Amino acid sequence: MQRLLLIAAAGLFSAICQAAPKPNFVVIFIDDMGYGDISPFGSTLNETPNLQRMADEGMKLTSFYAAPVCSASRAQLLTGCYAPRVSVPGVFFPAGDKGLNPAEVTVAEYLREAGYATTCIGKWHLGDQPSFLPTRQGFEHYFGIPYSNDMQRATLSGGPRVTPLLRDEEVAELLADEQQRRVTREYTEEAVEFIEQHRDEPFFLYLPHTAMHIPLFPHQDFVGKSDNGIYGDWVAEVDWSVGQVITALRKYDLQENTLVIFTSDNGPWASKGKAGGVSGPLRGSKGGTLEGGVREPTIAWWPGKVKAGSVSDAIAGTTDILPTLVKLAGGKLRSDIKIDGKDISPLLMGETTKSPHRAWYYYHRNDLHAVRSGPWKLAIRPQSLGMGIRERPEDLKTTEPRLYNLDKEIGERTNLADQHPEVVARLQALAKEMMADIGSGRPGPGVRPPGKVENPVTLYPTKPRR
Ligand code: MG
């Protein structure tokens, strides 16, 4: 009898376990891909059948925000904070003395604690000193070029400028430019292998691609295959990579227990012409706080949980990934660490259509440029059309507040400040609230320090820079 009871109890226990296994998470983070670069977001130039299928089977998030540049955006995604709160306002360079503070608790650290296998495959860009690497921020393993692929340097022995390919904390290889053509494929193979190895336990796969950052290096198999030049070739390879990941999830029957999020770290590098992407209907590009600089083509996929073919225009962003994944993993956020992100799982599951954000804040370095609430966006500082663009339109030069209704005009050109002084006042008050916390220009009391090291060195011996 006792034995029978035990067996019954064990059965019940295993039924409970089976009823609610912890979901897996895959975050695919593209570099410098524009809002208008993939077909679910209106691209007719680039062919992206896998992303189209992902969107058809999942949810498009049309008001999902990142930060204007690479490092800032990655800090937001991993910490759930606006980048200036964690003192990552811009971009890190090789052998810099600063990085994301190891004391920050990243989404990977939360998930590790919840029993997840974690890995980071691709571009890290939160500092290249040992204490800043992914393996010190909650990722059990790392494989990738740790910063932007245009940050090449020559080795001591001369020769071509190279970028390091890291395996955990060691330089596995130094890649000359042409060798960069391998990385998208190798990241993908590594990702598929990780899924295979960890299919029987909860996992977090963070896949921040080196693509689409300049210099463009699609694999030879994709060169010349698209109708949109080298840029289109590389988009096609990224799309292929997404297909490989989803196929692996299906192969191991994990599709109903895995949330996949696809998004980009900032807008397209428009000043590079054909080598940069496009922001579609949005104004502006990478490096700026117009919508084109920070609104990203975003898709959430989780068959059976996220409704197929759904669209959400509610305000959300990379800051929300940490609280959302921690919630879905059954974890608890630490109450002693202030974050800006919100749990958007009710939005993804279709339980609500409302954004959990009262406002979204557009920081450019440490300066608060704009604030959005509902359809209204108030710009309070001069803005640029993007990194490297000399043209400075008159309407963006002014320090007078500009009010746009993004629901009515996504391209933010018609200043409605005079017609809606009450909205201007409301958004100004929201801006003031954030300035009293994170600050603007000067850091506010809510800002935490960056990580810092003495005597930083490059990951491989390089010639001293003159
Ligand atoms: Mg970028």
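We count ligands from 1, going down the list as the structure has it; atoms in each ligand are counted the same way. Bear in mind the structure is a predicted one, so any value in this text is a computation, not a measurement.
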Gap separating the OG atom of S71 from the CG atom of L100, nearest 0.5 angstrom: 10.0 Å
Here's one to test your reading of the geometry: is the NZ or CZ of K60 within 45 degrees of the ring axis of F41 and under 6.0 Å from its centre? yes
Tell me which N, O or S atom of D265 sits nearest to the Mg ion (ligand 1). OD2
To make sure I understand the geometry: which N, O or S atom in D31 is closest to the Mg ion (ligand 1)? OD1
Closer than 2.8 Å to the Mg ion (ligand 1): does that hold for any N, O or S atom in C70? yes
Heavy-atom pair with the smallest gap, counting every atom of Q152 and R161: O-NH1, 2.9 Å
Would N266 count as a contact for the Mg ion (ligand 1), in the sense that one of its N, O or S atoms lies under 2.8 Å from it? yes
Restricting to N, O or S, what is the name of the atom of D32 that lies nearest the Mg ion (ligand 1)? OD1
Between F93 and K98, is there a cation-pi geometry (under 6.0 Å to ring centre, at most 45° from the normal)? no
Using the test salt bridge (charged side-chain N to carboxylate O under 4.0 Å, His left out), find all partners of D37 that sit at least two apart in sequence or belong to another chain. none
